[in-house]
Amino acid sequence: MVDLSKIIPLNPQIQRRDFLKGALLASLAGCTNHDPFTTQAKKESVKPSGQMVKLLSTTGEIIEVDKAYLKPTEEIPSISNMAERMGIEGKKFVMVIDLSRCRNLKKCQEACNHAHFVSDHQNWIKVYPMQDGEKTAPYWQPTTCMHCDDPPCVKVCPVDATFKRQDGIVGIDADRCIGCRFCMAACPYSTRVFNWDTPIIPQAVKDLPYSSETSCPPKIGTVSKCDFCPDKARNGELPHCVTACPNGVFFFGDLNEDSITNGSETMRFSDLIRDRSGYRLMEELGTKPSVYYLPPVDRLFPFKNEENS
Amino acid sequence: MSSNKIITDLLPQKFGKTGLIWTAILILLCLNGLYCYIKQIRFGLGVTGLRDYASWGIYISNFVFFVAISLVGSLITAIFRLTGVEWRTPLTRISEIIAVSAILFASLIIIVDMGRPDRFWHLFVYSRLQSPIMWDVIVITTYLTLSVLFLYFPLLADIPILIKNSKPGSAIQKFYKFIGAFWKGTAEQFRISENAVKTISVMIIPIALAIHTVTSWLFATTYRPGWDSTNFGAYFVSGAFLVGAGGVVVAMYVFRRAYQLEAYITDKHFNNMSKVVVMLALLYLYFNVNEYLVPAFKMKKAEEHHLHSLFTGEFSLLFWSAIILGMIVPVIVLLFPKGRKPFPAFIMGLLVVVGAWFKRFLIVTPTMLSPFLPMHDVPESYKHYTPTWEEWSITIGSLAGTLLIITIFTRLFPIIPIHETIEEMEHSKPEKHEAN
């Protein structure tokens, strides 16, 4: 049996799921030294077209397959909608944002917007200049979706388009959303954005089936927001904001393992929160966020607000 | 007054020149709204002035306005009925048709506000009962059904009169026969109808309170400053009764003028309805004091931006106009017997209705522009809300639509119940029998 997920496209530009737009002919069982495409095509007596396509095999070899042997089918998302709504078993994702390291570079925002095709003027990650009291010190506060354990947005959604997964992530099913924007009114963190116009995105992305794990492609008339990049988590990778931040502001991890990492430093979540007095935003509202903040003490950078000066 | 005279006075009349121009204008406004809505469907909600912060605007405030004014049906017809207010008879059908047309357009305008109206059916297939939107869907459809029945049952007694007085074989007569030929006016039918109306009058009051309470919960179930209030249900219901009563005063005046109904809608009706308006305006003012002055006394940080925007900021002109012109001035004018004459009462009614519309806007949008985390790093257009002409066209189109329904209804049916009026004349003045 050939594992489809192990065959990766030659052109790394093409997304994983974009590959094998033409999926394989029927069953691939029983292939030996030949490539499975040719073996199966011969069984079903498909006429070769003469046009060859290069593919990378499971063993890392480049194989040439006749184009006619690839059968175009409806693209099947690697994970079903049901599985996406369930989430990753045994995980409880958590983020820690270290305010003492943030200097408003917005590399997180840039990477996030780019990866999720966020429309102009909109951001999933917002970086606020905060000053809690008149005489208190200002600081930069990046916000993602808080992925609340008692999410006000999920409570008000009339069609279950936004949902809470068992791994703690609050996801959005853009194929389900009716665009009533009640969730936007309900969210106290102003996390959600709405696709007011037709999103400007490459055709290849537009043709993909929607996945709540990539939140792509964004769809007109629906709400979208930070999704904690569960597609990356499934591959054992970190969210875009975490990897993009040069100062290691964002830590991401699993509460069940009690470990978080910003890519270069890995720590015990409970130790970090205890030693650095971690807190959550608007605790008094009872939303129980999954995002924790470390207060802006012993800062790496002075607060400079170029935007206002 | 003889029953023949009552019948000729109250039968629906063909549109005069003014009626035709009025209807034509309404149709044009509706078509313009429809055109803009088609544009909105093609290009998305981007054609509106709505953006991520002010994501609810005049569509939602218009929705709240429609739901509010529709409560008048239950006020005049049911509450007045149960409390034995005798002078209500000429006002019942007016208020009920206002209720039906308003609640109909409330459900349409909420679809207009949806980003994906093509997925309207998701509400039924994937409905989650936890969401206040589903509660609204349920109570609004219930209220619409009950209101239609509440309009229809008392109408039945008038149908034989309408059939008798319309041209035999004409389309309109066929229509009357279609909707009410089964009504023979037997004692048994009257008994059933009377019982049905009685049952609905009792049922419709909790439903009416529910539709506007649930509508207020669309806001009050969130954390936002200005909405996060335990008072919101009562606040909304009292405001709804006020705008409904104001609407009825306006409609009374217009119908009286247009159809020369001075003998039926008398100065006494204006006098009494004006007193009702005063009482309701005071009640609504009371809730406004609670909603604004109590938070203002504390000036919590989250509330501060919102309250300042209303009291002294970008919404202050609108806010104080709505409070002063929409509530305080009507109370003062209508306290005087001269102010309760038809014309001044009509003007005050207009102030109440227009003020109420803007009040709904002031409830919805300023709160959305006062988020917990400051609006930062967004274009200037995101920080303010200015409805586009498409939005105005659709909103005005929907308001014209309700007026059009009321107009067409008046063309087809007597706006003052004929049968009930005759009955009442006969009961209250036995000597009338001699005149017959």
Side-chain angles (χ1 to χ4, degrees), chain A residues 104 106 109 119-123 126-133 141 143 152-161 163 173-199 219-223 281-282 284-287 305 307-308, chain B residues 40-48 50-56 60 110-111 113-137 217-219 221-225 227-228 301-302 364 367-368 371-379 381-382:
Chain A
N104 191 32
K106 293 192 191 163
Q109 198 181 64
S119 299
D120 285 353
H121 309 312
Q122 294 183 321
N123 302 299
K126 298 168 180 89
V127 188
Y128 295 97
M130 298 299 286
Q131 188 169 11
D132 297 336
Q141 176 180 281
T143 60
C153 51
V154 171
K155 272 193 206 168
V156 299
C157 179
V159 293
D160 207 11
F163 47 85
D173 185 346
D175 285 333
R176 177 76 66 88
C177 176
I178 60 169
C180 70
R181 312 190 292 293
F182 199 177
C183 54
M184 298 177 77
C187 174
Y189 305 99
S190 306
T191 280
R192 293 171 167 252
V193 300
F194 189 74
N195 296 303
W196 301 99
D197 302 293
T198 310
K219 302 206 163 177
I220 185 174
T222 64
V223 175
L281 292 189
M282 300 179 212
E284 70 276 14
L285 299 182
T287 51
N305 193 351
E307 289 159 51
N308 289 356
Chain B
Q40 184 184 305
I41 289 181
R42 274 190 61 193
F43 300 105
L45 280 169
V47 303
T48 67
L50 300 166
R51 290 298 176 262
D52 289 343
Y53 284 104
S55 67
W56 283 346
I60 293 289
I110 205 74
I111 297 173
D113 188 71
M114 285 169 61
R116 294 302 292 249
D118 53 315
R119 296 180 182 167
F120 183 69
W121 57 278
H122 284 194
L123 278 173
F124 304 100
V125 179
Y126 303 116
S127 39
R128 280 179 78 252
L129 260 184
Q130 296 95 315
S131 169
I133 288 192
M134 286 319 299
W135 311 342
D136 228 3
V137 169
W217 287 345
L218 295 182
F219 307 99
T221 50
T222 72
Y223 298 98
R224 297 196 176 235
W227 292 352
D228 183 10
K301 192 180 167 194
V364 175
T367 283
M368 302 226 76
F372 285 104
L373 293 170
M375 290 185 278
H376 171 70
D377 205 11
V378 286
S381 64
Y382 277 53

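Here is the naming used below: chain letters follow the sequence lines, and residue numbers restart at 1 for every chain.
Contacts between B:Leu50 and chain A at a heavy-atom distance below 4.5 Å involve backbone atoms as well as side-chain atoms. For B:Pro374, the parts sitting under 4.5 Å from any heavy atom of chain A are the backbone and the side chain alike. Using a 4.5 Å cut-off between heavy atoms, B:Phe219 makes no contact with chain A at all. Of the atoms belonging to B:Phe124, not a single heavy atom falls under 4.5 Å from chain A. Neither the backbone nor the side chain of B:Trp135 comes within less than 4.5 Å of any heavy atom in chain A. Only the side chain of B:Thr221 comes within contact range of chain A, with at least one heavy atom under 4.5 Å from a heavy atom of that chain.
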Show your working on side chain to side chain contact (heavy atoms under 4.5 Å, CB included) between B:Arg119 and A:Asp175 and close with a plain yes or no. CA-CA 9 Å; B:Arg119 296 180 182 167; A:Asp175 285 333; 4.2 Å; yes
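When each of A:Cys187, A:Pro152, A:Gly179, A:Pro158 is scored by its heavy-atom pairs under 4.5 Å with chain B, the top score falls to A:Pro158. Top candidate by heavy-atom pairs under 4.5 Å with chain B, chosen from A:Thr198, A:Val159, A:Asp197, is A:Val159. Of all the listed residues (A:Ala161, A:Cys177, A:Ala185), the one sharing the greatest number of non-hydrogen pairs under 4.5 Å with chain B is A:Ala185.
The line from CE of B:Met114 to CD1 of A:Ile178 is 4.0 Å long, rounded to the nearest 0.5 Å. Distance check, rounded to the nearest 0.5 Å: CD of A:Gln122 to OH of B:Tyr382 gives 4.0 Å. Going from atom OG1 of A:Thr191 over to atom CG of B:Leu373 covers 8.0 Å, rounded to the nearest 0.5 Å. In this structure, CZ on B:Phe372 lies 12.0 Å from CG on A:Leu281, to the nearest 0.5 angstrom. If you take CG on A:Asn195 and CG on B:Leu45, they are separated by 11.0 Å, rounding to the nearest 0.5 Å.
With B:Asp377 as the partner, the side chain to side chain contact (heavy atoms under 4.5 Å, CB included) test is satisfied by one option alone out of A:Gln109, A:Lys126, A:His121: A:Gln109.
Residues satisfying the ring-ring contact (aromatic ring centres under 6.0 Å, His included) criterion with B:Tyr126, sequence neighbours excluded, are B:His122.
In this structure, B:Arg116 contributes its side chain and A:Ala174 its backbone to no donor-acceptor pair below 3.5 Å. With hydrogens and angles ignored, the 3.5 Å screen pairs a side-chain donor or acceptor of B:Trp56 with a backbone N or O of A:Cys180. Judged by distance alone, the side chain of A:Arg181 and the main-chain N or O of B:Asp113 form a donor-acceptor pair under 3.5 Å. Judged by distance alone, the side chain of B:Asp52 and the main-chain N or O of A:Phe194 form a donor-acceptor pair under 3.5 Å.
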